[in-house]
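Just so it is clear, the structure is predicted and the values come from calculations on it, not from any experiment.
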Amino acid sequence: MSRTKKLGVIFDLDGVIVDTAKYHFIAWQQLAQSQGWTFTAADNEQLKGVSRVRSLELILSWNKANISSELFERLLKEKNERYLSLIRDMDESEQLPDVLRVIEQFKAMGCKIALGSASKNARPILNKVALTPYFDAVVDGTNVSKAKPDPEVFLQGAEALGISPEACVVFEDAAAGIEAAHAAGMMAIGIGQPTHLGHADAVFPNFTVIDDALLKQLINGQ
Ligand code: BG6
Ligand code: MG
């Protein structure tokens, strides 16, 4: 693990700050059903950290389906409308456990905080869960041209914070996100299972097991 002291902390959104995968799953499944395609919970796992466009491309390939570009665009729009209606009533009660404690602790240690998400809905979601005021920078799917595992989203995050990449630590739940953080030259902490995230610098099932002493160790590069 890198020994550089960390000055910036970059959080992924979906699966790290809020469990949106269940809503993405319902929206994609409804869409797939409307087209006579199959889409399972196992398929949904493979879409974590994957952009909306790439997700639809994968669902098409799994179903060996070919559609016109017009229908492709219409389905992307329809999926997002379904997703937005599912998250309409989301509020701060949907923050994943101890996310706020961890953010507040990092702030107390003088770190700057950024969001680095593939989602084009990241800003409204951050607002819904009442965390926007804690973020010094937000980089999301509306800002980047290359999806994770490309490091673009995290490099933009570090730049927006004015902190060098090696002084940043990333929290991610997707394998491609861990790869992206490493490609950016950052420490990558996995939130989830080691089976998926074994290439991270450390993996924790959730934030409740990362106590304040451990957060200090991460920041001090120990
Ligand atoms: C990622 C999610 O954060 O954002 C993916 O893990 C999702 O499942 C992607 O497809 C894009 O999200 P959105 O909100 O732009 O459709
Ligand atoms: Mg994620």
Side-chain angles (χ1 to χ4, degrees), residues 11-67 71-90 94-99 115-122 125 129 140-141 144 146-151 153-154 170-183 188-209:
F11 290 89
D12 173 46
L13 176 76
D14 296 304
V16 171
I17 287 178
V18 56
D19 177 21
T20 46
K22 58 190 178 202
Y23 303 123
H24 282 297
F25 177 55
I26 296 169
W28 282 125
Q29 200 177 44
Q30 287 175 347
L31 192 88
Q33 270 165 8
S34 77
Q35 299 299 311
W37 303 331
T38 57
F39 182 71
T40 65
D43 295 335
N44 195 54
E45 281 302 306
Q46 296 192 55
L47 300 186
K48 287 186 176 171
V50 174
S51 73
R52 199 182 308 165
V53 167
R54 183 69 192 133
S55 297
L56 183 52
E57 286 171 356
L58 285 170
I59 294 168
L60 288 170
S61 74
W62 296 331
N63 283 276
K64 300 190 175 30
N66 264 313
I67 60 172
L71 182 56
F72 190 94
E73 288 306 318
R74 186 157 68 71
L75 292 180
L76 279 184
K77 192 162 168 268
E78 201 178 309
K79 186 270 171 176
N80 197 48
E81 281 163 2
R82 290 177 189 273
Y83 177 66
L84 289 178
S85 78
L86 290 164
I87 64 167
R88 195 182 45 216
D89 298 328
M90 179 183 274
E94 295 205 39
Q95 286 172 11
L96 281 169
D98 273 13
V99 164
L115 191 81
S117 169
S119 171
K120 294 185 172 171
N121 297 303
I125 292 175
V129 297
D140 68 10
V144 295
K146 286 172 257 159
K148 301 168 189 176
D150 189 281
V153 65
F154 295 134
V170 170
F171 286 89
E172 254 295 345
D173 72 316
I178 300 292
E179 284 172 44
H182 282 160
I189 307 296
I191 297 295
Q193 299 309 317
T195 40
H196 288 105
L197 305 171
H199 52 318
D201 295 291
V203 184
F204 302 100
N206 55 58
F207 286 112
T208 66
V209 301

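To the nearest 0.5 Å, the span separating CD on Q95 from CG on D19 amounts to 13.5 Å. Once rounded to the nearest 0.5 Å, the distance linking CG of N44 with CD1 of I26 reads 9.5 Å. Rounded to the nearest 0.5 angstrom, L76 CG and L56 CG are separated by 5.0 Å. Rounding to the nearest 0.5 Å places CD1 of I59 at 9.5 Å from OG1 of T38. The line from CH2 of W37 to NZ of K64 is 14.0 Å long, rounded to the nearest 0.5 Å.
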Working note: I189 + F204, criterion side-chain contact (heavy atoms from CB on, under 4.5 Å); need CA distance, chi angles, decisive distance, verdict.
CA-CA 8 Å; I189 307 296; F204 302 100; 3.6 Å; yes
Kindly determine whether E57 and F72 satisfy side-chain contact (heavy atoms from CB on, under 4.5 Å), including the steps that lead there.
CA-CA 9 Å; E57 286 171 356; F72 190 94; 3.9 Å; yes
Decide yes or no on side-chain hydrogen bond (donor to acceptor under 3.5 Å, both in side chains) for D173 and H196, but give the supporting numbers first.
CA-CA 9 Å; D173 72 316; H196 288 105; over 6 Å; no
Evaluate W28 against R52 for side-chain contact (heavy atoms from CB on, under 4.5 Å), listing each step before the verdict.
CA-CA 10 Å; W28 282 125; R52 199 182 308 165; 4.2 Å; yes
List the steps and the verdict of side-chain contact (heavy atoms from CB on, under 4.5 Å) for I125 and I17.
CA-CA 10 Å; I125 292 175; I17 287 178; over 6 Å; no
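With sequence neighbours left out, the side-chain contact (heavy atoms from CB on, under 4.5 Å) criterion links L71 to Q35, I67, S68, R74, L75. Partners of N121 by side chain to side chain donor-acceptor pair (under 3.5 Å), not counting sequence neighbours, listed by chain and number: N80. For S34, the side-chain contact (heavy atoms from CB on, under 4.5 Å) partners two or more places apart in sequence, or in a different chain, are E78, R82. The side chain to side chain donor-acceptor pair (under 3.5 Å) search around T208 returns N206, not counting sequence neighbours. Under the salt bridge (charged side-chain N to carboxylate O under 4.0 Å, His left out) criterion, D150 pairs with no residue at all, not counting sequence neighbours. Looking at residues two or more places apart in sequence or on another chain, you find no salt bridge (charged side-chain N to carboxylate O under 4.0 Å, His left out) involving K120.
Shortest non-hydrogen contact noted between A180 and P151 is O-CB, 3.5 Å. Minimum interatomic distance between A200 and G190 (heavy atoms only, all atoms of both residues): CB-N, 3.7 Å.
With 3.5 Å as the limit, one finds no donor-acceptor pair spanning the side chains of H24 and K48.
Proximity of K148 to F154: side-chain heavy atoms (C-beta onward) are separated by under 4.5 Å at one or more points. Inter-residue side-chain proximity for L60 and N66 is flagged as unmet; no heavy-atom pair is nearer than 4.5 Å.
Checked against the 6.0 Å centroid criterion, the rings of Y23 and Y83 do not qualify as a close aromatic pair.
F11 and F171 have parallel rings, their planes meeting at less than 30° on a 0 to 90° scale where 60° marks the start of perpendicular.
At distances below 3.5 Å, at least one donor-acceptor pair connects side-chain atoms of D43 with backbone N or O atoms of T40. Of the possible donor and acceptor atoms, none in the side chain of E172 sits under 3.5 Å from a partner among the backbone N and O of D12.
Applying side chain to side chain contact (heavy atoms under 4.5 Å, CB included) to V203 and the options I178, L197, I191 leaves one that passes, L197.
Between E81 and K77, at least one side-chain nitrogen of the basic residue sits less than 4.0 Å from a carboxylate oxygen of the acidic one, meeting the salt-bridge criterion.
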